[in-house]
Trainee: 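I have a structure here, written as structure tokens, and I will follow up with some questions on it.
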Amino acid sequence: MTDHDDAVIKTDALIIGAGPVGLFAVFELGLLDIKSHLIDILPKIGGQCAELYPEKPIYDIPGFPVVTGQQLVNNLLQQIEPFHPEFHLGEMVVSVARHESEQGIVFHVETDGGKRFEAKTVLVAAGGGSFQPKKPPIPEIDRYENTSVFYAVRQMESLRDHHVLIVGGGDSALDWALNLQSVAARVTLMHRRDEFRAAPHSVAKMRELVAEGKMDLLFGQVTGLEGAGGQLTAAQCKGMDQATFTVPCDRMLPFFGLTMKLGPIAEWGLNLHENLIPVDTEKFETSTPGIFAIGDINTYPGKLKLILSGFHEAALAAQKAHRYIYPDKRLLFQYTTSSTSLQKKLGVNG
Amino acid sequence: MAFNMDKSEANGGANAFNYAESTMTDVTFIDHSGESRKVPATSGMTLMEVAIKHQVPGIDAECGGACACATCHVYVEPEWMEAVGQPASMEEDMLDFAFDVRPNSRLSCQIKISDALDGLRVHTPVRQS
């Protein structure tokens, strides 16, 4: 043990992004005795496969004539289980910095949740970037963001005794309407139509509260905001019949799903090309030695944004990562079908 | 159709596509500033695929056509609403994630191009996400 701060999580490899490519990287690194931690901004594992199309069939994974996004994620989790990857979910990486230490080059990585990592190598498997809440194109909404308009609720208490307008018709909108109903002075739920995609029991509960007069339900869309100095006083709205009306409120929570933004990757000092990270096609290494980029986030001549391409990239990046982590060890190329040493790592050879 | 007379577009290179087997139609995308782009489309493609193929701005299509993101939202011109048809319930659900949804709102990944849509005109919103 060294005398470094205990709060810093040390790892051989830090994988940013827990989508299919990040998950498979755990496998390829694991075969080379490289231990991985993974960070993802989503509260669940699987990236786009889990967030955008868990139920949709994928037809171009080698060996699987058809597999859904979630099945693929589940299979990958089973496949990497022998390597005991550690996940840090719901965290966005805000900074990656290269440092020289007495053991060589290390990377210091920090998340928005305050977690700190020290890694010998970093693999950016961030797909389309980070999933972030969609922001409605309401004029001047940015003037109210983080003072009156919030896209996520960190602390329910911060909304106590406020008049809260929740906009949307999915699970997030319904869950927060129900949770905040007893905390806020008044909750108004606004949705564009009288149908909700949310869990049926949440919808039923919401309708019950509305019938009891404990919260309000309105149909329409927000078109403008009223207020000053970041303090919201009302939302201007339009019904599906185009009639306009005003809803007094001092907090607004829009829930319109997630969108992919490059996010802080642009600030990590890596060369970028049209929001993608250029890499070589031998090691899939970025402009910063020791940082790799694999999967949809990278670019090189002939790049195809396919999951299978990302798997290949993970395997080759792992080879080079081995040179950083075990500079004195010679790397023997081995097959899982025949190598007893690889089979031991996989737990399939007594 | 009456809209074949439209002369306002500048995408001259787009008629290089010529598939002997498939029927070509024209569709026009009009962005929020009023600029219009007429591009050729092949029957069987989705309107979203046509937009991506011709790099029509205003269509993000983040999910690649899985009806999972609502970033390929378009407004169908009223004359075309009947020919295009109404959204299915899955698409209607996904439109909940779009902004400024109107009675003529559709997701372009769910509109299949056919001969009946030759001359189709749609408007793209200010912002998809």
Trainee: Considering residues, nucleotides and ligands other than B:Glu82, do more than 12 of their heavy atoms fall under 6.0 Å from its CD?
Mentor: no
Trainee: Has B:Gln86 got more than 12 heavy atoms of other residues, nucleotides or ligands less than 6.0 Å from its CD?
Mentor: no
Trainee: Could you measure the distance from the OG1 atom of B:Thr71 to the NZ atom of A:Lys134? Nearest 0.5 Å is fine.
Mentor: 6.0 Å
Trainee: Looking at A:Lys135, is its backbone amide N or carbonyl O close enough to the side chain of B:Arg127 to form a donor-acceptor pair, meaning the two atoms are under 3.5 Å apart?
Mentor: yes
Trainee: Picking from A:Gln48, A:His191, A:Lys305, which has the most non-hydrogen pairs under 4.5 angstrom with chain B?
Mentor: A:His191
Trainee: Which atom pair, heavy atoms only, marks the closest approach of A:Phe256 to B:Phe99?
Mentor: CG-CE2, 3.2 Å
Trainee: Between A:Lys238 and chain B, with a heavy-atom cut-off of 4.5 Å, which part of the residue counts as in contact: side chain, backbone, both or neither?
Mentor: side chain
Trainee: Which answer fits B:Ala70, side chain, backbone, both or neither, if we ask what part of it has an atom under 4.5 Å from a heavy atom of chain A?
Mentor: both
Trainee: Between B:Val126 and chain A, which part of the residue has a heavy atom less than 4.5 Å away: side chain, backbone, both or neither?
Mentor: neither
Trainee: I'd like to know if B:Glu92 pairs up with A:Arg197 as an ion pair, taking the criterion as any Lys NZ or Arg NE/NH1/NH2 lying under 4.0 Å from an Asp or Glu carboxylate oxygen.
Mentor: no
Trainee: Are there more than 12 heavy atoms of other residues, nucleotides or ligands under 6.0 Å from atom CZ of A:Arg193?
Mentor: yes
Trainee: Does the side chain of A:Arg192 come within less than 4.5 Å of B:Leu95's, by heavy atoms?
Mentor: yes
Trainee: What is the minimum heavy-atom distance between B:Ala68 and A:Leu52, and which atoms define it?
Mentor: CB-O, 2.9 Å
Trainee: Can you check whether A:Thr259 reaches B:Gln128 side chain to side chain, under 4.5 Å on heavy atoms?
Mentor: no
Trainee: Report which part of B:Asp60 has an atom under 4.5 Å of a heavy atom belonging to chain A: side chain, backbone, both, or neither.
Mentor: neither
Trainee: Do you know the tightest heavy-atom contact between A:Lys56 and B:Met90?
Mentor: NZ-SD, 4.4 Å
Trainee: Distance from A:Glu51 atom CD to B:Cys63 atom SG, nearest 0.5 Å?
Mentor: 11.5 Å
Trainee: Crowded around B:Gln55 CD? As in, over 12 foreign heavy atoms under 6.0 Å?
Mentor: no
